[in-house]
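What follows is one structure encoded as structure tokens, with my remarks underneath.
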Amino acid sequence: MYAQLVETGAKHVQSKDEMSPEEREFQEKIDAETKIEPKNWMPEGYRKTLIRQISQHAHSEVVGMLPEGNWLTRAPTLKRKLQLAAKIQDEAGHGLYLYSAMETLGADRDEEIEKLHQGKAKYSSIFNYPTLNWADMGAVGWLVDGAAIINQVVLQRTSYGPYSRAMVRICKEESFHQRQGYQILLDMMREGTDEQKAMVQDAINRLWWPTLMMFGPTDDESPNSQQSMAWKIKRKSNDELRQMFIDQTVPQLELLGCTAPDPELKWNEETGHYDFGEIDWQEFYEVLKGNGPCNRERIKTRKDAIDGGAWVREAAAAYAQKQRAQAA
Ligand code: BYC
């Protein structure tokens, strides 16, 4: 399971002297901050890297609906239920924009989704963890969407036009998600019972480290970063983004009156950043291999949704065909 290895053809980042005239012209466009559009010439490795990243991103949005979907029927009030339903629908929309952006690169949506269902495609590791109490809905919105925003704000300036434009809209919606999540936790901490406050701390304890893993392996263990940075697909490294997230989130954590499950987390006057403890990378790679707490359940749910909805697609296609026949 999860043995995807996308061969993008790039063994190392080429210098301008090693590039063909077409590749050099392409790199010069990137360096001049000109967006690359679907009909422009692009190196095969650039195209494959984008299909890899955008498809994984789209799958993450779609699979990412599942941990929250788990709580729709148990939201504490009608208002909370409506907010959660709206957020989950937004995630579905993000998946759709991203699959469309991916298709502009010549990839086939059905094929990429099939790879997900066969366990051959990756999606964000965070969605393989369970959501066990209502505070998890707050923590997912605040931490998971918060981490996603840090990553995606930078992706608004990614070099590929359709991906960059999809990100602009997605970021606007993610900031609503982050605030609604934080508000759930603030309300529980300010007005809740001791039991509800303990639920908040428990949710943070479970989701803190998996959220830090969302940014990917450390820079020296990240095989794709160097080339993706040269092509300006990525603008900031995994470690830079992770640090930005921690620096932004710890004051919010303190305002909640909660703590992170990291005894080494502390402000460093000299660096102007928070120091933090070692991430359990073995756990991260196990989740990527398909051995996280919910990997199998997530894929099964997605497959069941596609299989269970087959009759709807067939009926819609038959109806459209009938309409066309009547119009002819
Ligand atoms: N989980 O060389 P690296 C959301 C993989 S959804 C799983 O650093 P790269 C939301 C990586 O793919 C937001 N796999 O890779 C939705 C690569 O594998 P392959 C999701 C991971 O691409 C619903 C290998 O490890 N956001 O917000 O340069 C509800 C080596 O890594 C992970 C995005 O998808 C991971 N955490 O950098 C709520 C953002 N990390 O393909 C919220 C778009 C790494 O070589 N993606 N891997 O086999 C990116 O920005 C980049 O792809 C990453 C990784 C920073 C994630």
Side-chain angles (χ1 to χ4, degrees), residues 2-8 10 48-70 84 87-95 98 101-102 115-116 120-129 131 136-137 139-156 158 160 163 166-167 170-171 173-178 180-181 207 209-231 233-242 245 279 281 283-290 292 295 298:
Y2 297 94
Q4 184 193 34
L5 183 75
V6 179
E7 182 47 74
T8 54
K48 284 186 177 164
T49 299
L50 277 169
I51 293 175
R52 177 185 67 78
Q53 179 166 326
I54 301 175
S55 63
Q56 289 175 1
H57 196 162
H59 299 329
S60 304
E61 299 283 357
V62 171
V63 178
M65 291 192 282
L66 302 178
E68 290 176 306
N70 185 34
L84 188 62
K87 177 191 187 298
I88 295 171
Q89 283 172 354
D90 284 351
E91 309 299 359
H94 299 173
L98 287 163
M102 178 200 77
K115 285 183 203 161
L116 173 73
K120 291 183 183 162
K122 290 193 175 78
Y123 56 88
S124 186
S125 48
I126 187 73
F127 302 117
N128 293 306
Y129 291 84
T131 44
D136 285 28
M137 295 303 93
V140 167
W142 171 49
L143 293 174
V144 176
D145 287 77
I149 295 173
I150 296 273
N151 169 284
Q152 292 173 166
V153 161
V154 186
L155 282 175
Q156 291 179 113
T158 194
Y160 187 56
Y163 192 25
M167 280 301 125
I170 289 178
C171 281
E173 293 174 349
E174 297 289 24
S175 61
F176 151 67
H177 299 168
Q178 198 256 1
Q180 71 89 34
L207 289 168
W209 290 109
T211 301
L212 298 188
M213 294 175 194
M214 284 177 72
F215 297 95
T218 54
D219 294 349
D220 49 356
E221 295 290 331
S222 162
N224 301 298
S225 275
Q226 230 192 335
Q227 182 63 74
S228 286
M229 299 279 273
W231 279 329
I233 292 174
K234 282 167 89 162
R235 295 277 183 157
K236 286 199 188 290
S237 77
N238 299 359
D239 286 333
E240 280 177 291
L241 292 172
R242 192 170 7 250
F245 171 77
I279 291 171
W281 292 112
E283 174 180 321
F284 171 75
Y285 288 112
E286 277 304 311
V287 174
L288 258 60
K289 275 196 263 167
N295 294 59
R298 298 291 185 239

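Only a predicted model underlies this, so the values are computations on that prediction, with no experimental measurement involved. Every number for a ligand or one of its atoms is a count from 1 in the order of the listing. Numbering of residues begins at 1 and proceeds along the displayed sequence.
A salt bridge is absent between Asp90 and Lys87: the closest approach of a Lys/Arg side-chain nitrogen to an acidic carboxylate oxygen does not fall below 4.0 angstrom.
Residue contact check: Ser125 has heavy atoms under 4.0 Å from atoms 1 (N), 7 (C), 35 (C), 36 (N) of ligand 1. Atom numbering of ligand 1 starts at 1 in the shown order; those under 4.0 Å from a heavy atom of Asp145 are 38 (C), 42 (C). Close approach to Ala148 involves these atoms of ligand 1, each under 4.0 Å from a residue heavy atom: 27 (O). Atoms of ligand 1 found under 4.0 Å from any heavy atom of Glu174, numbered from 1 in the order shown, are 27 (O). Listed by atom number, the atoms of ligand 1 under 4.0 Å from Gln152 heavy atoms are 13 (C). Atoms of ligand 1 lying under 4.0 Å from at least one heavy atom of Lys87, given by number and element, are 29 (C), 38 (C).
When each of His177, Gln152, Gln178 is tested with Asp145 by the rule side chain to side chain donor-acceptor pair (under 3.5 Å), just one qualifies, namely His177.
The backbone N or O of Ser237 sits less than 3.5 Å from a side-chain atom of Glu240, completing a donor-acceptor pair. Between the side chain of Arg242 and the backbone N or O of Met214, no donor-acceptor pair lies under 3.5 Å. Remark: side-chain polar atoms of Arg298 are paired, donor with acceptor, to backbone N or O of Phe127 under 3.5 angstrom. For the pair Thr211 (side chain) and Val144 (backbone), a donor-acceptor distance under 3.5 Å is absent.
Ligand 1 has an N or O atom lying under 3.5 Å from an N or O atom of Gln56, backbone or side chain.
Ranked by closest heavy atom to atom 20 (C) of ligand 1, the top entry among Ser60, Ser55, Pro217, Gly146 is Ser60. The closest heavy-atom contact to atom 34 (O) of ligand 1, among the options His57, Glu91, Arg235, comes from His57. Summarising the contacts of atom 30 (C) of ligand 1 with Ser222, Pro223, Pro210, Ser237, the nearest heavy atom is found in Pro223. With atom 10 (C) of ligand 1 as the reference point, the heavy atom nearest to it among Phe215, Phe284, Phe127, Tyr123 is part of Phe127. The heavy atom nearest to atom 40 (N) of ligand 1, out of those in Gly216, Gly64, Ser228, Gly292, is found in Gly216. Of the candidates Gln53, Lys234, Met167, Glu68, it is Lys234 that places a heavy atom closest to atom 9 (P) of ligand 1. One option in Asn151, Val140, Asp219 has a heavy atom closer to atom 39 (C) of ligand 1 than any other, and that option is Asn151.
Contacts of His59 with ligand 1, taken as heavy-atom pairs under 4.0 Å, are absent altogether. At a heavy-atom distance under 4.0 Å, only side-chain atoms of Tyr163, from C-beta outward, approach ligand 1. When non-hydrogen atoms are compared, ligand 1 lies under 4.0 Å from the side chain of Asn238 (C-beta onward) but not from its backbone. Residue Leu288 touches ligand 1 through its side chain alone, judged by heavy-atom distances below 4.0 Å.
The aromatic rings of His57 and Tyr163 stand perpendicular to each other, their planes meeting at an angle above 60°, with 30° marking the opposite boundary. In this structure, Trp281 and Tyr285 have tilted ring planes: the angle between them lies in the 30° to 60° band.
The local environment of NZ in Lys236 is sparse, with at most 12 non-hydrogen atoms from other residues, nucleotides or ligands closer than 6.0 Å. Remark: Gln226 CD is loosely packed, at most 12 non-hydrogen atoms of other residues, nucleotides or ligands lying under 6.0 Å away.
The shortest heavy-atom distance from His177 to ligand 1 is not under 4.0 Å. Using a non-hydrogen distance threshold of 4.0 Å, His94 does not register as a contact of ligand 1.
Checked by atom type, the side-chain pair Gln56/His59 shows no donor-acceptor distance below 3.5 Å.
The two residues Thr158 and Ile233 make their nearest non-hydrogen contact at OG1-O, 2.7 Å.
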